[in-house]
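Before any comments, here is the structure.
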There are 2 protein chains.
Amino acid sequence: MGTAYDKYAHEPFAVTADLAVLTLRDGALHVLLVERGQEPYKGHWALPGGFVQPDESAETAARRELAEETGLSDVSGLHLEQLRTYSEPDRDPRMRVVTVAFTALLPHPPEPHGGSDAAQARWVPYDTAGPLAFDHDRILADAHDRVGAKLEYTGLATAFCPPEFTLGELQQVYETVWGTALDRPNFRRKVLATAGFVEAVPGAARLTGGRGKPAALYRAGTAATLHPPLLRPTPEGRPA
Amino acid sequence: MGTAYDKYAHEPFAVTADLAVLTLRDGALHVLLVERGQEPYKGHWALPGGFVQPDESAETAARRELAEETGLSDVSGLHLEQLRTYSEPDRDPRMRVVTVAFTALLPHPPEPHGGSDAAQARWVPYDTAGPLAFDHDRILADAHDRVGAKLEYTGLATAFCPPEFTLGELQQVYETVWGTALDRPNFRRKVLATAGFVEAVPGAARLTGGRGKPAALYRAGTAATLHPPLLRPTPEGRPA
DNA sequence: GCTTTAATAGTCAGTACGACTATAAAGAGG
DNA sequence: CCTCTTTATAGTCGTACTGACTATTAAAGC
């Protein structure tokens, strides 16, 4: 709104909130998809989402959708972040729909459930997720890019982990999202050297159950950004 | 759009594109503001922007607005980037308006101009820019945060510079946006050590005119991200 | 010419990093 | 119960990067 704000008439738009809900299952990145029950794209898979209601912000609508689609009772602690808005005039064949896309990160994926509607919802490995309805392939790819980038300079990786986790689990998050293997001792050293990234759980609590030496437990730290950042190994045309 | 997409009726929204147009003038960060000519917030300053038209994406509308508001004939090479979308139900007292906010960076600020409408447009120092109409204070602050953060790990700073620039000018960008002084030899060393950030202009071209030793000229490089990044000195609770 | 100003070169010690090697503590299988 | 396998954790070493400096160069302004 500015000068032109008052100049042109405005056309009504429909506004939706779409979600790229990501999680780790069996060491692979998965995304929550729903099967569309109606035209257009009937029978195709799509990102969950829905219309923003008159009394809601897009964020509120996204959190409501997240609760509905995952079937989780408490969705308040989950990481939900606005990704970007997609507004190409022809992105929905029916009418003018602008969608505000969000990225949500889940620690434990709830089992596939019926969903709140007739359409079924399902966890799908990220690599086999396309092609999706509308421009959802692009939204999903953007979400993946964003998450991968934010792992470098924020503590976002802990959003994929339960409240208490081992450094091995944290490393798995990086390896899975980036698709690269990391050296374990070096990863450990960098994480512990970064102030505010993780903090040790006071009692000498240790997670056992698996094989090998039990690992120490950590909690997410309070730092918003990582200093120094945890850069991925040679992302693009990096020298050496 | 997903399951709930077809479940609820949708309410019509108005969609606008608002712009935080930033530039450097006299070593200070400035933002382009317009004075509102009508209610609500008549007489208040606001970010330029306007309704997205039926055949436009938000990006297209933003670029159109940018051309209109700055009066620049060629706005195609300028940096324009989606910031985020603001959709609180009560953010506009008249009706339900969702705005897609953009950040634009200008090298040479064009002089204040009449603007395309009755309202006047003006460059205002960032520090004295508030309070603005609607939620524009928040949008502007978010834009500043985003630009400051992106200076660290992208070559965005060159968007504030003319096609050919000196390292001194580039350093000014960092110092102005971050509000901190940087050591000149160290800045120079880091910039030149970062592959793809800047490239020297072939001919031993040098910019003179000011005082002191003439500086070598550089052009923006091709790297999308900076490796290693150019971190700001002690941004928050950084150890040491 | 001498001073001022800004660009550029170089130094040095502390830190971070990648690539390894080594040790410790658990479970699995005989 | 002993050994192998698995995973966590500790430590080493040489290179690269960083921040804090000092030094030199080349122009403009008295």
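So you know, we letter chains A, B, ... as the sequences are listed, proteins then strands, and number each from 1. These numbers come from a predicted model, not from an experiment.
Residues F134(B) and I139(B) are not in side-chain contact: their nearest non-hydrogen atoms beyond the backbone lie 4.5 Å or more apart. In this structure, E59(A) and L80(A) have side chains that are not in contact, with every pair of non-hydrogen atoms separated by 4.5 Å or more. Residues T180(B) and L182(B) are in side-chain contact: their nearest non-hydrogen atoms beyond the backbone lie under 4.5 Å apart.
In this structure, the ring of Y126(A) has its center less than 6.0 angstrom from the ring center of H144(A). Residues Y218(B) and F165(B) place their aromatic rings such that the two centres sit no closer than 6.0 Å.
Base pairing in DNA chain C gives the following stems of 3 or more Watson-Crick or G-U pairs, range against range and under 3.5 Å: C:1-30 with D:1-30.
Residue pairs satisfying the salt bridge (Lys or Arg N to Asp or Glu O under 4.0 Å) criterion with at least one member in residues 184-197 of chain A, sequence neighbours excluded, are absent.
In terms of phosphate contacts, K190(B) brings no side-chain nitrogen or oxygen within less than 4.0 Å of OP1 or OP2 of dC17(D).
Atom CZ of R232(B) and atom C1' of dT18(D) are 18 Å apart (whole Å). To the nearest angstrom, C1' of dG18(C) lies 16 Å from NE2 of H227(B). Atom CD of Q171(B) and atom C1' of dA7(C) are 11 Å apart (whole Å). Between K213(B) atom NZ and dA26(D) atom C1' there is a gap of 6 Å when expressed in whole angstrom units.
R84(A) places no side-chain N or O within 3.5 Å of a backbone atom of Q82(B) that could act as its donor or acceptor partner.
Residue side chain R189(A) reaches the base of dG18(C) through a donor-acceptor N/O pair under 3.5 Å, judged by distance alone.
Residue H136(B) comes nearest to D18(B) through the heavy atom pair NE2-OD2, 3.3 Å, listed as atom of the first residue, atom of the second, then distance.
Listed by residue number, D183(B), P185(B), N186(B) are the residues of residues 179-188 of chain B with a heavy-atom contact under 4.0 Å to DNA chain D.
Residue whose closest nucleotide on DNA chain D sits further toward the 5' end, between L192(A) and R211(A): R211(A).
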